[in-house]
2 protein chains.
Amino acid sequence: MKRKILVVDDEPQLRKQLKIGLGGHGYEVITASNGHEAITLTAQQTPDMIILDISLGSEPNGIEVCRQLREWTKIPIMMLSVHDEEKTKVIALSAGADDYLTKPFGMDEMHARIEAILRRITAEPMEHTRTEIRAGDLYINLVNRQVFVEGEEIHLTPKEYDLLRLLATHPGKMMTHRAILGAVWGPEYGEMDHYVRVFVNQLRKKLRENPARNVRYILNDPGVGYRFVSID
Amino acid sequence: MKRKILVVDDEPQLRKQLKIGLGGHGYEVITASNGHEAITLTAQQTPDMIILDISLGSEPNGIEVCRQLREWTKIPIMMLSVHDEEKTKVIALSAGADDYLTKPFGMDEMHARIEAILRRITAEPMEHTRTEIRAGDLYINLVNRQVFVEGEEIHLTPKEYDLLRLLATHPGKMMTHRAILGAVWGPEYGEMDHYVRVFVNQLRKKLRENPARNVRYILNDPGVGYRFVSID
DNA sequence: AAGACACTATCAAGGTTTTGGTGGTTCGCA
DNA sequence: TGCGAACCACCAAAACCTTGATAGTGTCTT
């Protein structure tokens, strides 16, 4: 796949130099000479990477352009500057840039840095932490904090949701009353198991459990506690 | 979430210096003094980031360690070296490193670079670039920072816009009061959740929400936070 | 097999916390 | 110094948690 790189600089010479240098590495290069053009081009063409000079000769400057871009896109940005001051670098990186390169630089280093960044965004998105749970007609989205029953979203209060999440993220595992109380209400709640019962009951109602039709999510073990059905 | 960083260097002084410097920024720092130890520790502790000196005094050197790590893990690696030669940088980055920093360096720059890298891997798998958002009679142009309601442009103050953008770019996702406050106002605002309420109220008015006619964009979950309507 | 007992389910009425809505005061900038 | 934005304080309304009362279920004893 041919990568598209947007080069933003007010000096025609550097633009040309980068166009040739990067083009030689197999990238498609498009250029902009000021901040407004850079933003417009990014929106229209969605490049895979943006190389952005900090001093653009006119407003907005590179930092400002970077900030604006970061409001709506995560396209990798490499900042360029003649300044080697630490403060400038910190400002650029804090503004949302992915890397910072001081001029003059070698094409080989730039290429290697671009590849390092592109390699990372191509990589599989992070470790697998469970983000959703399914069981029968029940669907829980842990990221959005949403719960659906039979395809329809239902509303849960904070405690109800916490309780459901605790049980559902430990499918098949027996949770004692004490453990549930401690995790959802807090360790100081001692022996007030009654809370758990009331909320389990409310949950069951909202989840539309139907023992007659064998639709059950929260199972109980008398004298011990509750557990969520095992998920296949 | 406290990030864990593994520092690999043969000089005790630099290890100590980084442990203090990074620890002061809220990271948990573990250290290794040679390549074998580094690999073992990485396998055992799975740090969130590895800072790796190129010259470790003994075999294997930093480059070799980096190559070996990359055979089975994608944990971000930042290489450190006294060499400022382009060739060395290219070799390090090609070996799978994510960044390269020449000694001596400032702690602020190192911190900013670490954050830049962690920011990227933490980033949600959200689509890369979205330039506009529609929901019912609401239209947001993220590039030009314009907001239209029923075809008519409305004016939002900076905070109002930031708040709307935060919510609208995470449709369906529950945003807690704390998260909103931190993202729009800044982490130092602590518990002043009430600001959020006031501005949500102002936004709702300007967006002409009408609960009676089921025209709602910002939904609330009592005790949790707010979320933008899901977009179909 | 009947009854006692312990645990569980269900319901509904306060009391408390959280949110919506408004308006005044302060702050920053031209 | 005048304007708009941001901040802050207050009260009413809504949602939620707590609580007690009562009914239901299963198990063990006699």
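Chain identifiers are assigned alphabetically (A, B, ...) following the order of the sequence lines, protein sequences preceding nucleic acid strands; residue numbering begins at 1 within each chain.
Terminal axes of the helix from C/dA1-D/dT30 to C/dA30-D/dT1 (five pairs each, C1' rotation axis) are separated by 30°, to the nearest 10°.
Judged purely by atom type and a 3.5 angstrom limit, A/Gln17 has no side-chain atom pairing as donor or acceptor with the backbone of A/Leu14. Judged by distance alone, with hydrogens and angles left aside, the side-chain atoms of A/Arg204 form no donor-acceptor pair with the main-chain N or O of A/Leu207 at under 3.5 Å. At least one donor-acceptor pair closer than 3.5 Å links the side chain of A/Lys206 to the backbone N or O of A/His155. The backbone N or O of A/Glu37 sits less than 3.5 Å from a side-chain atom of A/Asn34, completing a donor-acceptor pair. With hydrogens and angles disregarded, no donor-acceptor distance shorter than 3.5 Å links the side chain of A/Asp10 to the backbone of A/Ser33. Judged purely by atom type and a 3.5 angstrom limit, A/Glu71 has no side-chain atom pairing as donor or acceptor with the backbone of B/Val143.
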(request) Between protein and nucleotides 9-28 of chain C, map the contacts as a letter string: B base, S sugar-phosphate only, - none, heavy atoms under 4.0 Å, written 5' to 3'. (result) SBB------SBBBB------

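Scanning for ring-ring contact (aromatic ring centres under 6.0 Å, His included) contacts around A/Phe228 gives an empty result, with sequence neighbours left out. By the salt bridge (charged side-chain N to carboxylate O under 4.0 Å, His left out) test, B/Glu188 is found to be paired with no residue, residues two or more places apart in sequence or in another chain being considered. Judged as a ring-ring contact (aromatic ring centres under 6.0 Å, His included), and not counting sequence neighbours, the contacts of B/Tyr139 are B/Phe148.
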Atom pairs under 3.5 Å: protein N/O with N/O of nucleotides 24-27 of chain D:
none

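Atom CD in A/Glu160 sits roughly 11 Å away from atom C1' in D/dA15 (whole-Å rounding). If you take CE of A/Met192 and P of D/dC17, they are 15 Å apart, rounded to a whole angstrom.
A salt bridge links B/Arg227 with A/Glu153; the closest basic N to acidic carboxylate O contact falls under 4.0 Å. Between A/Glu109 and A/Arg113 a salt bridge is recorded (basic side-chain N to carboxylate O distance below 4.0 Å).
If you check every strand for non-hydrogen atoms under 4.0 Å, A/Phe199 touches a base.
Phosphate contact (OP1/OP2 of D/dA15, side-chain N/O of A/Thr157, threshold under 4.0 Å): absent. A sub-4.0 Å separation between OP1 or OP2 of D/dC7 and a side-chain N or O of B/Trp185 is present.
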